[in-house]
Amino acid sequence: MLVIDPLTILIISASLALLFFTAAKHKLRAPGQFSAQLADYKLIPPGILPGVARIIPIAEMAVFFLILIPLTRPWAAVLAGGLLVSYTIAIAINLFRGRDEIDCGCGSHPQNLSYWLLFRNSALIISSYLLVTPSTNRALVWVDFLLLSLMISLLSCVYLLIEQLVRNQGFSKNGRINDG
């Protein structure tokens with residue numbers, strides 16, 4: 001049976017909370033833009049699209065709040081995983097259709113659909129479901145909280161760096177970057 005260190009649980013929880021907060025914030029700040037991005041996937045019937053476009057950021061914000069509370073963390077982890085699975089399926093369907101020129105709707109910066117997003121979401125799905133795994137009863141000490149802060153900072157920087165590299169690759173592929 002897999003048992004995880006409580007520090008790992010905190011690192012994953014805080015990282016996913018940060019990710020879902022930024023995703024929800026983007027969608028709540030520009031609901032019309034998000035609705036248009038969602039419509040571009042051509043998977044949701046137009047009649048229910050406005051409702052779905054309103055529910056998604058609310059669900060993401062719920063993940064943000066609930067994943068930080070130990071009592072609600074397992075439910076939040078399942079919700080996070082479910083949202084990520086849905087996003088991954090939508091991306092995969094459109095990549096299979098050859099529709100990679102649409103904005104994923106993931107954040108405030110445009111990013112075309114890519115196989116990188118499938119890989120990223122798969123890693124995030126696995127991380128989400130690790131949160132329902134039992135943890136050891138080890139007591140956390142002050143150095144754990146220092147390590148928690150450092151790991152969240154490091155993971156955030158790595159995530160942002162990879163996202164920027166993927167965006168740059170997309171711009172280069174479309175001829176939007178000039179070498180000279």
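In this chain, numbering begins with 1 at the start of the sequence shown.
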[X] versus [Y]: any side-chain heavy-atom pair under 4.5 Å?
| X | Y | answer |
| --- | --- | --- |
| Leu131 | Pro74 | no |
| Leu113 | Leu95 | yes |
| Trp142 | Leu146 | yes |
| Lys42 | Arg99 | yes |
| Thr136 | Pro6 | yes |
| Met61 | Leu28 | yes |
| Ser128 | Leu84 | yes |
| Leu83 | Phe20 | yes |

Should [X] and [Y] be counted in the same cluster of Ile, Leu, Val, Met, Phe, Trp and Tyr side chains packed under 4.5 Å apart?
| X | Y | value |
| --- | --- | --- |
| Val158 | Phe21 | yes |
| Ile89 | Ile91 | yes |
| Ile58 | Ile67 | no |
| Ile9 | Ile69 | no |
| Trp75 | Tyr129 | no |

Is the side chain of [X] donor-acceptor paired with the backbone N or O of [Y] at a distance under 3.5 Å, no angle test?
| X | Y | value |
| --- | --- | --- |
| Asp103 | Gln111 | yes |
| Thr22 | Leu19 | yes |
| Thr133 | Leu130 | yes |
| Asn94 | Tyr41 | yes |

**OP:** May I ask you to check whether Tyr159 and Arg120 show a side-chain donor-acceptor distance below 3.5 Å?
**Re:**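 On atom types as modelled, these side chains qualify, holding a pair under 3.5 Å.
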
Subject >> Residues in salt bridge (Lys or Arg N to Asp or Glu O under 4.0 Å) contact with Asp40, at least two apart in sequence or another chain >> reply: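 If we apply the salt bridge (Lys or Arg N to Asp or Glu O under 4.0 Å) test to Asp40, skipping adjacent residues, there are no hits.
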
Original post:
Which residues satisfy the side-chain hydrogen bond (donor to acceptor under 3.5 Å, both in side chains) test with Arg73, sequence neighbours excluded?
Top reply: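 Ser13.
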
**OP:** Step through the shown structure and confirm whether more than 12 heavy atoms of other residues, nucleotides or ligands are within 6.0 Å of CZ on Arg97.
**Re:**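 Yes, because the 6.0 Å sphere around CZ of Arg97 holds more than 12 heavy atoms from other groups.
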
Original post:
Asn121 and Val85: side-chain contact (heavy atoms from CB on, under 4.5 Å), yes or no, with the steps?
Top reply: CA-CA 8 Å; Asn121 284 3; Val85 166; over 6 Å; no

**OP:** For Ile48, enumerate each residue passing the side chain to side chain contact (heavy atoms under 4.5 Å, CB included) test, keeping only those at least two apart in sequence or located in another chain.
**Re:**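 So Ile48 forms a side chain to side chain contact (heavy atoms under 4.5 Å, CB included) with Ile44, Pro45, Val52.
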
Subject >> Audit row: Leu161, Leu165, side-chain contact (heavy atoms from CB on, under 4.5 Å) steps and yes/no >> reply: CA-CA 6 Å; Leu161 175 65; Leu165 290 172; 4.2 Å; yes

**OP:** Before giving the answer on side-chain contact (heavy atoms from CB on, under 4.5 Å), spell out for Asp5 and Ser135 the whole-Å C-alpha distance, their side-chain angles and the decisive distance to 0.1 Å.
**Re:** CA-CA 5 Å; Asp5 187 83; Ser135 65; over 6 Å; no

Original post:
Hey, what's the ring geometry for His26 with Phe34, parallel, tilted or perpendicular (30° and 60° as the breaks)?
Top reply: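 The rings of His26 and Phe34 stand perpendicular, inter-plane angle above 60°.
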
**OP:** Start with the C-alpha gap between Ile56 and Leu38, add the side-chain angles, then the distance that decides, and say whether side-chain contact (heavy atoms from CB on, under 4.5 Å) holds.
**Re:** CA-CA 10 Å; Ile56 289 174; Leu38 203 54; 4.1 Å; yes

